[in-house]
Amino acid sequence: MEFKIIEKTSRSITAELVNQDIYYAKEKYNIYINNECVVKDEARNVFSVYNLEPNTNYELAIGNDKEIFAKKEFVTDKEFVRLNVKNFGAIGDGKTEDTSMIQAAILSCPDGGCVYIPAGTYLTAPLFLKSHITIELDENATLLGVTDRNKYPILPGYTTTTDETDEYYLGTWEGNPLTSMASLITGINVEDIKIIGKGTLDGNGQNGDWWIDVKNKKRAWRPRTVFLCNCKDIVIQGLKVQNSPSWTMHPYFSENIKFLDMDIENPYNSHNTDGIDPESCKNVDIIGVKISVGDDCIAIKSGKLFMGKKFKKPSEDFTIRNCIMEKGHGSVVVGSEIAGGVRNISVSQCLFRETDRGLRIKTRRGRGKDSILDQINFSNIEMDGVYTPFVINMYYYCDPDGKSEYVYSKEALPVDEMTPSIKRLTFTDITCHNSEVAAAFFYGLPESPIEEVKLENIVFDFKEDAKPGVPAMMSFLDPVSKMGIFARHINKLTLDNVKVIGYEGKEKDIESVGNFIEK
């Protein structure tokens, strides 16, 4: 049993076992710091240790009561100063608003310093981040969002520059530059920040009106819990994040972002409460994260047509590993706002349980010619109770014009600047148990077929009492259950050692596939 250190701070460290196990290790193990057992019977592949001292030599080891399996030495980062928010007047009683006190501590913290939030519940409006600092939440500390919308600053969607030659973008909503509220944690043009600890960020969505009448903008579009706009080198480690007013974690035009060893939880019936939605971002790691939410667990985005054409900024180079997705519309989703494209996405060693769909790609005519999806790779995944494990849908019907003839027409329309494309997707070593609706549903555009889909070493089976449902959000689909593999408009489809057990009707319903290879 080996491990690697994937992140360290002045007060904590995160490590990952080197194996092929899915989220959980085959054997439980103990964690030792300097020969002292600090965690007994850990079961997960990804783990963290807290309450370390800055600039200190440590030995991290894993083993059992009889032997040590592996060990590594490390030195924690330096810490210039540690500022306790209670020394700035924060109360932490859950009733007194502590916004200005916590914000004062953040703004007062020098480079290389740490803002420490001790045990307590701190009622707060949005807090704005500052570069080159660490924020640490005690295990029993909670930042609790206020419910009064009027206490949330507004981020304008765009502002014309003084010389009238460009625009400055801040607020965003579902892929467009629209006025929105600042989030509980808001980062604007900041870098080199670590937010760590076993504390909680609570958006308090259940106690406000955030999940009521969600289609209407009230003052501005709803806040997220964490919003990072044009940021880089950000680590969020260990936190529990819950009850978000809308999308939970939203990095936007940002790079080098890490979400490590976290727990994201929103009620299953809460509206638009996606877990992590990176939009037009580069180099994003999501490792050891558990997600259960009211919409998509992870949704990779790159804006609607306006932002996609202007910036041509794809989401690219993502690693999603050793995560668990429980409840939600989709486990790992690409789209639907992907006008800038998505490429080089790796998802492995993940467990998907009771989500509507496993892999979910959703796009449509109108996303534009820069909406190119390529090199999306899933491997070593286990799904259980996922209604439809694989969905690639180029007829996604949301948006005001989503149910127009332009979107739903099955005729081949001219290929133009509005036509999206999907290139290479690979799925290997995946088991899908207790599905209900369909094993796989792939529907490309006749004028822009999916270039290549490869499934290798895949097993599907169905619940005996499977309930019918529609496999994808596209017009004119009838509910089905226990449907096998459905494919339309693909240039090359390879099924290598793919088994569908317990299907009804056709095992494979395949038409308009240029090159179908079955092994």
* Asked: Please walk me through it: do D429 and N457 pass side-chain hydrogen bond (donor to acceptor under 3.5 Å, both in side chains)?
  -> CA-CA 5 Å; D429 301 320; N457 300 333; 3.0 Å; yes
* For F3 and F69, what are the C-alpha separation, side-chain angles and deciding distance, and is it a ring pair (Phe, Tyr, Trp, His ring centres under 6.0 Å)? -> CA-CA 9 Å; F3 69 89; F69 304 141; over 10 Å; no
* Given the rule in the side-chain contact (heavy atoms from CB on, under 4.5 Å) test, do I501 and V459 qualify, once you have shown the distances and angles that lead to the verdict? -> CA-CA 8 Å; I501 301 168; V459 176; 4.1 Å; yes
* Kindly indicate, with the supporting measurements, whether the criterion side-chain contact (heavy atoms from CB on, under 4.5 Å) is fulfilled by S131 and D192. => CA-CA 6 Å; S131 296; D192 183 27; 5.7 Å; no
* Decide side-chain contact (heavy atoms from CB on, under 4.5 Å) for I234 and N256; before the verdict, give the C-alpha distance in whole Å, the side-chain angles of both, and the deciding distance to 0.1 Å. => CA-CA 7 Å; I234 310 292; N256 304 333; over 6 Å; no
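Judged purely by atom type and a 3.5 angstrom limit, S183 has no side-chain atom pairing as donor or acceptor with the backbone of I185. A donor-acceptor contact shorter than 3.5 Å links the side chain of D98 to the backbone of G92. Formation of a donor-acceptor pair under 3.5 Å by the S270 side chain with backbone atoms of P267 is found in this model. With hydrogens and angles ignored, the 3.5 Å screen pairs no side-chain donor or acceptor of N243 with any backbone N or O of G203. Using modelled atom types, no side-chain atom of Y58 and backbone atom of L52 make a donor-acceptor pair closer than 3.5 Å. Although no hydrogens or angles enter the test, the distance criterion places no donor-acceptor pair under 3.5 Å between the side chain of K71 and the main chain of I62. Side-chain atoms of T431 never come within 3.5 Å of backbone atoms of E382 as a donor-acceptor pair (strictly under, hydrogens ignored).
No side-chain N or O of N64 forms a donor-acceptor pair with one of N30 less than 3.5 Å apart. Between the side chains of Q237 and T14, at least one donor N or O lies within less than 3.5 Å of an accepting N or O. S331 and T355 are linked by a side-chain donor-acceptor pair at a separation below 3.5 angstrom, with hydrogens and angles left out of the test. Side-chain contact check for D384 and H433: no donor-acceptor pair (N or O, by modelled atom type) lies under 3.5 Å. No hydrogens or angles considered: nothing links the side chains of N45 and D21 as a donor-acceptor pair under 3.5 Å.
Counting non-hydrogen atoms of neighbouring residues, nucleotides and ligands closer than 6.0 angstrom, the CG atom of D93 exceeds 12 such neighbours. Around NZ of K492, the count of heavy atoms belonging to other residues, nucleotides or ligands within 6.0 Å does not exceed 12. Within 6.0 Å of the OH atom in Y387, the count of heavy atoms belonging to other residues, nucleotides or ligands does not exceed 12. Remark: F74 CZ is packed, more than 12 non-hydrogen atoms of other residues, nucleotides or ligands lying under 6.0 Å away. Within a 6.0 Å radius of NZ in K86, more than 12 heavy atoms belonging to other residues, nucleotides or ligands are found. Counting heavy-atom neighbours within 6.0 Å of N35 CG, excluding the residue itself, gives a total of 12 or less.
For K423, the salt bridge (charged side-chain N to carboxylate O under 4.0 Å, His left out) partners at least two apart in sequence or on another chain are E451. Residues passing the salt bridge (charged side-chain N to carboxylate O under 4.0 Å, His left out) test with E27: none are found, sequence neighbours excluded. Residues passing the side-chain contact (heavy atoms from CB on, under 4.5 Å) test with K240 are T200, Q242, D263, E265, sequence neighbours excluded. With sequence neighbours left out, H271 forms a side-chain hydrogen bond (donor to acceptor under 3.5 Å, both in side chains) with no residue at all. Every residue was checked against the side-chain hydrogen bond (donor to acceptor under 3.5 Å, both in side chains) condition with S254, not counting sequence neighbours, and none meets it.
Among residue pairs with one or both ends in residues 22-44, those qualifying as ring pair (Phe, Tyr, Trp, His ring centres under 6.0 Å) are Y29-F47; sequence neighbours excluded.
You'll find the side chain of M383 reaches within 4.5 Å of the side chain of I430, heavy atoms only. Using a 4.5 Å heavy-atom threshold, the side chains of V49 and I33 count as touching. Counting heavy atoms from C-beta outward, R360 and Y396 have side chains that approach closer than 4.5 Å. Taking 4.5 Å as the limit, some side-chain heavy atom of L495 sits within range of a side-chain heavy atom of I485. Side-chain contact between T426 and R424: absent, with no pair of heavy atoms (C-beta onward) separated by less than 4.5 Å. Using a 4.5 Å cut-off on side-chain heavy atoms (C-beta onward), V115 and V85 make contact. Between N204 and V146, the closest side-chain pair of non-hydrogen atoms is not below 4.5 Å. Inter-residue side-chain proximity for E174 and N272 is flagged as met; some heavy-atom pair is nearer than 4.5 Å.
Between R11 and E79 there is a salt bridge, since at least one side-chain N of the basic residue sits less than 4.0 Å from a carboxylate O of the acidic one. Between K232 and E255 there is no salt bridge, since none of the side-chain N atoms of the basic residue sits less than 4.0 Å from a carboxylate O of the acidic one. The pair D317-R343 does not count as a salt bridge, with every side-chain nitrogen at least 4.0 angstrom from each carboxylate oxygen. Ion pairing between a basic and an acidic side chain is recognised when a charged N comes within 4.0 Å of a carboxylate O; E136 and R82 show such pairing. A salt bridge between K198 and D261 is absent, with no side-chain N of the basic residue lying under 4.0 Å from a carboxylate O of the acidic one. One finds no salt bridge joining K4 and E2 here, because no Lys/Arg side-chain nitrogen approaches an Asp/Glu carboxylate oxygen to under 4.0 Å. Classification of D356 and K327 as a salt-bridged pair fails, no side-chain N sitting under 4.0 Å from a carboxylate O. Ion pair E456/K454 flagged as a salt bridge, since at least one NZ, NE, NH1 or NH2 atom sits closer than 4.0 Å to an Asp/Glu carboxylate oxygen. Look at E436 and K463 and you find a salt bridge, because one of the NZ, NE, NH1 or NH2 atoms lies within 4.0 Å of a carboxylate O, short of that distance.
I276 pairs with exactly one of I300, I291, T248 by the side-chain contact (heavy atoms from CB on, under 4.5 Å) rule, that one being I291. Paired with I361 under the rule side-chain contact (heavy atoms from CB on, under 4.5 Å), one option of V333, I450, I376, N393 passes, and it is I376.
R224 forms a cation-pi arrangement with W247, by the criterion of a distance under 6.0 Å to the ring centre and an angle within 45° of the ring axis. With a 6.0 Å cutoff to the six-membered ring centre and a 45° limit on the axis angle, K499 does not count as a cation-pi contact of F460.
Contact record, W210 with P223: CZ3-CD, 3.4 Å, taken as the closest heavy-atom pair. Heavy atoms only, all atoms of each residue included: P245 and T225 are closest at CD-OG1, 3.9 Å. Residue D296 comes nearest to H329 through the heavy atom pair OD1-CB, 3.4 Å, listed as atom of the first residue, atom of the second, then distance. Minimum heavy-atom separation, S315 to S302: N-CB, 4.1 Å. Residues S435 and P389 come closest through the heavy atom pair OG-CG, 3.3 Å.
Residue T273 holds its OG1 atom at 4.0 Å from CG of N266, rounded to the nearest 0.5 Å.
Classified by interplanar angle (parallel below 30°, tilted 30° to 60°, perpendicular above 60°), the ring pair F427/F442 is parallel. In this structure, F227 and H250 have tilted ring planes: the angle between them lies in the 30° to 60° band.
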